[in-house]
S.K.: 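Before I ask anything, here is the structure I am working with.
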Amino acid sequence: MQGKKQTAKEPVKLRQKELKNGNLSLYLDFYYEGVREFEFLKLYLIAKPKDKQEKQSNSTVLELAQRIKAKRTEELLTGALNLASKNQGTVDFVKYYEGFVSHYTKADHRVLSACLNKFKAFLKDKHGTERLPCKDLTPNLVLAFKDYLETKQTGEGPQTYFTRFKKVVKHGIRENLFPKYPLPEKVKFKSGGMNKGVLNLDEIGRLAAAQCGNEVIKRAFLFACNTGLRFGDIKALKWQGISDCELFVVQNKTKEVLRLKLNQNALKLIGERGKPDTLVFTLPTFEGSVKTIKNWVARAGIDKRITWHSARHSFATNILVLGYDIKTLSQLLGHTSIQHTQKYLSIADERKAQAVNALPDLNF
């Protein structure tokens, strides 16, 4: 009996990646003997060609890409292919990072850009230059950058920046920029940092009673302490998103719809209802708001490093301290996964322990 015909899998495949402008970038996907590599060809297709000329351009680009694919396949099968030597190591990682930021459009663009500036400052401090060939980005250097971040900031800042830094590095890994894997296996940050930027219920009350240089910022920040909304979502919030005592918002970060009941504090803070397409809070920039908050916190006699993010962290921690479960909190915060919410558990547990230990001693 004749067996089924065996067909070998293609070791090199031509693939497409959609760009921000809607066009398509062509790249080769190598998979051979259990190893996967990618090579970006710097060839682009017009996603929706409008005329004969654009269709002909696509045809020419595809033909060239197919020729490169055929050549790489032959090199791979004959053992002549050394993909690592094509583009690894020589690219300036900082320039690559700058290009990544310039084309990045997601909600964390500001943090990603700020991290780039911190990495430049780190290189300047360590090597006297802001440039770094990809071959010189090693796990040890990455760990040194992580330590540098922890010396410059407290709270969640270092971990937030480091997460964005890894995002850029991993994108570079997919584009085959590094001769060796540049990220360390395990990275641990100093624990307890977030707790320094969390307000308890008493401190939120002290802020409410204290004078602030900008009443809109004051109301918006306290609103965040009562809802857990991020700065970007509050800044963009319009009256059409509030119906009676319920709020509906498409979160800028996750694009997920959040539905939230407003408590009496939140309802008082938004004030008299305006027209549907007008803003609930007319806020300045994030940086300007944080500067005002810093002065306001000092005026309230609170010795903590408080930023706008502290309002969200405080809301989450206080909900847990009051005895509500993590699943409920995850829904209130609009998290896509409960794993994102678990970081608040240790802070809440610490607060509960502090509360128990604060009980007076008994004489018996």
S.K.: Can you name the salt bridge (charged side-chain N to carboxylate O under 4.0 Å, His left out) partners of R273, sequence neighbours left out?
M.R.: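 Once residues adjacent in sequence are excluded, R273 has no partner under the salt bridge (charged side-chain N to carboxylate O under 4.0 Å, His left out) criterion.
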S.K.: For K17, give me all partners under salt bridge (charged side-chain N to carboxylate O under 4.0 Å, His left out), at least two apart in sequence or on another chain.
M.R.: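 Listed in chain order: nothing, the list is empty.
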S.K.: Test of understanding: with side chain to side chain donor-acceptor pair (under 3.5 Å), list the residues that count as partners of K69, not counting sequence neighbours.
M.R.: E10
S.K.: Take atom CG in D51; do more than 12 heavy atoms of anything else shown fall under 6.0 Å from it?
M.R.: yes
S.K.: Can you name the salt bridge (charged side-chain N to carboxylate O under 4.0 Å, His left out) partners of R131, sequence neighbours left out?
M.R.: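 Only D92, E98 meet the salt bridge (charged side-chain N to carboxylate O under 4.0 Å, His left out) criterion with R131.
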S.K.: How is the hydrophobic cluster of I46 composed, in terms of its other members, when Ile, Leu, Val, Met, Phe, Trp and Tyr link through side-chain heavy atoms under 4.5 Å apart, directly or indirectly?
M.R.: none
S.K.: Go through the steps for W308 and I217 under the test side-chain contact (heavy atoms from CB on, under 4.5 Å), then give the verdict.
M.R.: CA-CA 10 Å; W308 193 282; I217 291 176; 4.2 Å; yes
S.K.: Excluding sequence neighbours, so at least two apart, what forms side chain to side chain donor-acceptor pair (under 3.5 Å) with R219?
M.R.: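 R219: no side chain to side chain donor-acceptor pair (under 3.5 Å) contacts found.
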S.K.: Quick check on ring pair (Phe, Tyr, Trp, His ring centres under 6.0 Å): which of F119, F93, Y161 does F145 satisfy it with?
M.R.: F119
S.K.: Taking only residues two or more places apart in sequence, or in another chain, which ones meet N214 in a side chain to side chain donor-acceptor pair (under 3.5 Å)?
M.R.: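 In terms of side chain to side chain donor-acceptor pair (under 3.5 Å), with neighbours along the sequence ignored, N214 is linked to no residue.
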S.K.: Just jot down the side chain to side chain donor-acceptor pair (under 3.5 Å) partners of N263, sequence neighbours excluded, or say none.
M.R.: N226
S.K.: Can you tell me how far CD of Q53 sits from CG of N58, rounded to the nearest 0.5 angstrom?
M.R.: 11.5 Å
S.K.: Restricting to ring-ring contact (aromatic ring centres under 6.0 Å, His included), what partner residues turn up for F286, sequence neighbours left out?
M.R.: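 If we apply the ring-ring contact (aromatic ring centres under 6.0 Å, His included) test to F286, skipping adjacent residues, the hits are F231, H309.
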S.K.: Could I get the full list of ring-ring contact (aromatic ring centres under 6.0 Å, His included) partners for F100, not counting sequence neighbours?
M.R.: Y104, H171
S.K.: Mind checking salt bridge (charged side-chain N to carboxylate O under 4.0 Å, His left out) for E63 and listing every partner two or more places apart, or none if nothing turns up?
M.R.: R67
S.K.: My understanding is that only residues two or more places apart in sequence, or in another chain, count here; which of them pass ring-ring contact (aromatic ring centres under 6.0 Å, His included) with F162?
M.R.: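 In terms of ring-ring contact (aromatic ring centres under 6.0 Å, His included), with neighbours along the sequence ignored, F162 is linked to F189.
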